[in-house]
Amino acid sequence: MSVTVSIDVRNVSKIFGAGTEQQVVALDDVSVSIAQNEFFTLLGPSGCGKTTLLRLIAGFEHPTQGSILLEGAEISALPPFQRPVNTVFQNYALFPHMSVSQNIAFGLEMQGRPNDEVAETVHNMLNLVKMESLKDRRIDQISGGQQQRVALARALAPRPKVLLLDEPLSALDLKLRKEMQVELKRLQHETGITFIFVTHDQEEALTMSDRVAVMSEGKILQIGAPHEIYNRPNNRFVADFIGDTNFISADVIDRQTNQVRVRLPGGGEITIPAADDLPAGNQVTLAIRPEQTRIATADDPVAMQGTLADEIYIGTDTQYRIDIGATDPFVVRVQNTDGETRQITPQSGVGVYVDPGRVRILKD
């Protein structure tokens, strides 16, 4: 099935202060295609260029080089008001003296839409964000989560082709933020509008997105579905930024078809998938997720031996930090399925089982 591209970013760079000693390369030759009706997330730490890319799509900034297309039409030089794109900002930018309904209607009225169309659209938006009972409240009389819903309704009311969301959940408390993650995904699904979401929160990205682009230092390092990004990171930065990861050095012993046998700290050996040609004698970095390992039982092949350094109970699971002779402790995460934790005496010897099929060999 063919995919219709909504936003197409082609070889875009953005340099602030170009030609001066203080120039900053915010984006460095970035290319990405975002499909219609996709929830696409730009994820990365502060200063990685994700908000700059969002502002370029919105028209608040213009690229130093490259082009941005919306449904095949070049929009790089268009001002924001000429783009069928709306933005939800971190601070919502609502009018505090207006009611909920008046805020939602404002953009439609500025476009000169007929009164009956405005009234019908406002009604539909209030139902969509479940705010009908609060339609006459002023903005300063409703909660932060409710204000966020109003901002979404106002942005969705003109039916933009693309909705840009610049960390709109960051001011909410943890519980409300989790609720709004689900709500945002529902709104995107029901409206069919392309959502481009900016965040530094990995959980937000994994929870809501159809695809995620991980960014660092003005570049996109990897694009993929959440499970692809999490389970198959293509470099150390992505593996480290998304979730918890053990990084260990291993020596390549020999290579087989699409596999290599490696020696782990302590001398244990496992055979793991490897697409690249890695001759014997090479040293590689392995990424192993804590939940994809376990404390070895009598029936398990032991990949590594160590001593228990620490045990951390966090309700749903228990983390065991094991000294295997590497720089950092190796973390094993075990789910507490029966409400009981496995008691291991500190400094006692333990074996670690590693699922070979879940181990990733990382590029630099």
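All values reported here derive from a predicted model rather than from experimental measurement.
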Review point. Should we say atom CD of E120 is surrounded by more than 12 heavy atoms from elsewhere, each under 6.0 Å from it?
Key: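 Counting other residues, nucleotides and ligands, CD of E120 stays at 12 neighbours or fewer.
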Practice item. Would you indicate whether E217, at its atom CD, is surrounded by more than 12 heavy atoms from other residues, nucleotides or ligands within a distance under 6.0 Å? Key: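 It does not: E217 CD has 12 such atoms or fewer within range.
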Practice item. Give every residue pair that meets the salt bridge (charged side-chain N to carboxylate O under 4.0 Å, His left out) criterion with at least one member in residues 86-101, sequence neighbours excluded. Key: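 Non-adjacent pairs meeting salt bridge (charged side-chain N to carboxylate O under 4.0 Å, His left out): zero.
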Review point. Please, which pairs that meet salt bridge (charged side-chain N to carboxylate O under 4.0 Å, His left out) have at least one residue in residues 21-31, sequence neighbours excluded?
Key: D28-K219
Check your understanding: For V25, which fellow cluster members are found when Ile, Leu, Val, Met, Phe, Trp and Tyr are connected by side-chain heavy-atom distances below 4.5 angstrom, either directly or through intermediates?
Key -> I15
Point to revise | Residues clustered with M110, ILVMFWY side-chain links under 4.5 angstrom | key: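 M110 clusters with F95, M98, F106.
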**Study point:** From CA spacing to verdict: side chain to side chain contact (heavy atoms under 4.5 Å, CB included), Q146, R137
**Key:** CA-CA 11 Å; Q146 291 165 343; R137 294 271 189 93; 5.6 Å; no
Look at the side chain of [X] and the backbone N and O of [Y], then say whether any donor-acceptor pair between them is shorter than 3.5 Å.
X: E204; Y: D201; value: no
X: E38; Y: A35; value: yes
X: N336; Y: G315; value: yes
X: S99; Y: Q102; value: yes
X: T199; Y: E167; value: no
X: K50; Y: G44; value: yes
X: Q147; Y: I139; value: yes
X: N234; Y: Q222; value: no
X: R263; Y: G268; value: no
X: N86; Y: A155; value: yes

Going only through I, L, V, M, F, W and Y residues with side-chain contacts under 4.5 Å, is there a path from [X] to [Y]?
X: I223; Y: V198; answer: yes
X: L70; Y: V5; answer: no
X: V100; Y: L128; answer: yes
X: I34; Y: L187; answer: no
X: M180; Y: F197; answer: yes

Practice item. Please identify each residue that fulfils salt bridge (Lys or Arg N to Asp or Glu O under 4.0 Å) with D166, with sequence neighbours left out. Key: none
side-chain hydrogen bond (donor to acceptor under 3.5 Å, both in side chains) partners for [X], two or more places apart:
X: T293; value: none
X: D173; value: none
X: S67; value: none

Inter-residue atom distance [X].[atom1] - [Y].[atom2], 0.5 Å rounding:
X: L43; Y: C48; atom1: CG; atom2: SG; result: 7.5 Å
X: L264; Y: L286; atom1: CG; atom2: CG; result: 6.5 Å
X: L163; Y: L152; atom1: CG; atom2: CG; result: 7.0 Å
X: Q181; Y: M208; atom1: CD; atom2: CE; result: 5.5 Å
X: D323; Y: M304; atom1: CG; atom2: CE; result: 11.5 Å
X: F40; Y: S6; atom1: CZ; atom2: OG; result: 11.5 Å

Point to revise | Row check, Y353 ring normal vs R294 NZ/CZ: under 6.0 Å, within 45° | key: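 The answer is yes, since R294 meets both limits relative to Y353.
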Exercise for review: Please say whether the positively charged group of R333, taken as NZ for Lys or CZ for Arg, lies over the ring of Y320, i.e. under 6.0 angstrom from the six-membered ring centre and within 45 degrees of the axis.
Suggested key: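 No, R333 does not sit over the ring of Y320.
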Taking atom types as modelled, is there a side-chain donor on [X] or [Y] under 3.5 Å from an acceptor on the other?
X: T194; Y: Q36; answer: no
X: T121; Y: N124; answer: no
X: R289; Y: T245; answer: yes
X: N37; Y: Q188; answer: yes
X: Q90; Y: S170; answer: yes

Would you mind checking if [Y] and [X] are paired as a salt bridge, meaning a charged N to carboxylate O distance below 4.0 Å?
X: K185; Y: D210; answer: yes
X: R321; Y: E311; answer: no
X: E183; Y: R149; answer: yes
X: R113; Y: E109; answer: no

**Study point:** Min side-chain heavy-atom separation I68-D8 under 4.5 Å
**Key:** no
Check your understanding: Under a 4.5 Å cut-off applied to non-hydrogen side-chain atoms, are F247 and D240 in contact?
Key ->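 Result yes, sub-4.5 Å side-chain heavy-atom pair found.
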**Study point:** Candidate pair V238 and L362, rule side chain to side chain contact (heavy atoms under 4.5 Å, CB included), full reasoning
**Key:** CA-CA 10 Å; V238 175; L362 296 180; over 6 Å; no
Could you pull out every donor-acceptor pair under 3.5 Å between side chains of residues 53-63 and any protein atom, sequence neighbours left out?
| unit_1 | atom_1 | unit_2 | atom_2 | d |
| --- | --- | --- | --- | --- |
| H62 | ND1 | S76 | O | 2.8 |

Point to revise | Taking every non-hydrogen atom, the tightest pair across V30 and V9 | key: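 Closest approach of V30 to V9: O-CG1, 3.5 Å.
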Practice item. Scan for side chain to side chain donor-acceptor pair (under 3.5 Å) pairs involving residues 151-162, sequence neighbours excluded, and state none if there are none. Key: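 Checked against side chain to side chain donor-acceptor pair (under 3.5 Å) - neighbours excluded - the pairs reaching residues 151-162 are E71-K161.
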Point to revise | Those residues that, when tested against F330, pass ring pair (Phe, Tyr, Trp, His ring centres under 6.0 Å) (two or more places apart) | key: none
Point to revise | Partner set under ring pair (Phe, Tyr, Trp, His ring centres under 6.0 Å) for Y230, not counting sequence neighbours | key: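 By the ring pair (Phe, Tyr, Trp, His ring centres under 6.0 Å) rule, Y230 matches no residue at all.
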Point to revise | Identified side-chain contact (heavy atoms from CB on, under 4.5 Å) counterpart of Q319 within the set V332, D310, V331 | key: V331
Review point. Which one of N231, I288, I272 satisfies the side-chain contact (heavy atoms from CB on, under 4.5 Å) criterion with R358?
Key: N231
Point to revise | Derivation of the side chain to side chain contact (heavy atoms under 4.5 Å, CB included) call for L156 and M125 | key: CA-CA 8 Å; L156 290 168; M125 289 298 106; 3.8 Å; yes
Practice item. Carefully, step by step, assess V252 and Q283 under the rule side chain to side chain contact (heavy atoms under 4.5 Å, CB included). Key: CA-CA 6 Å; V252 177; Q283 188 174 79; over 6 Å; no
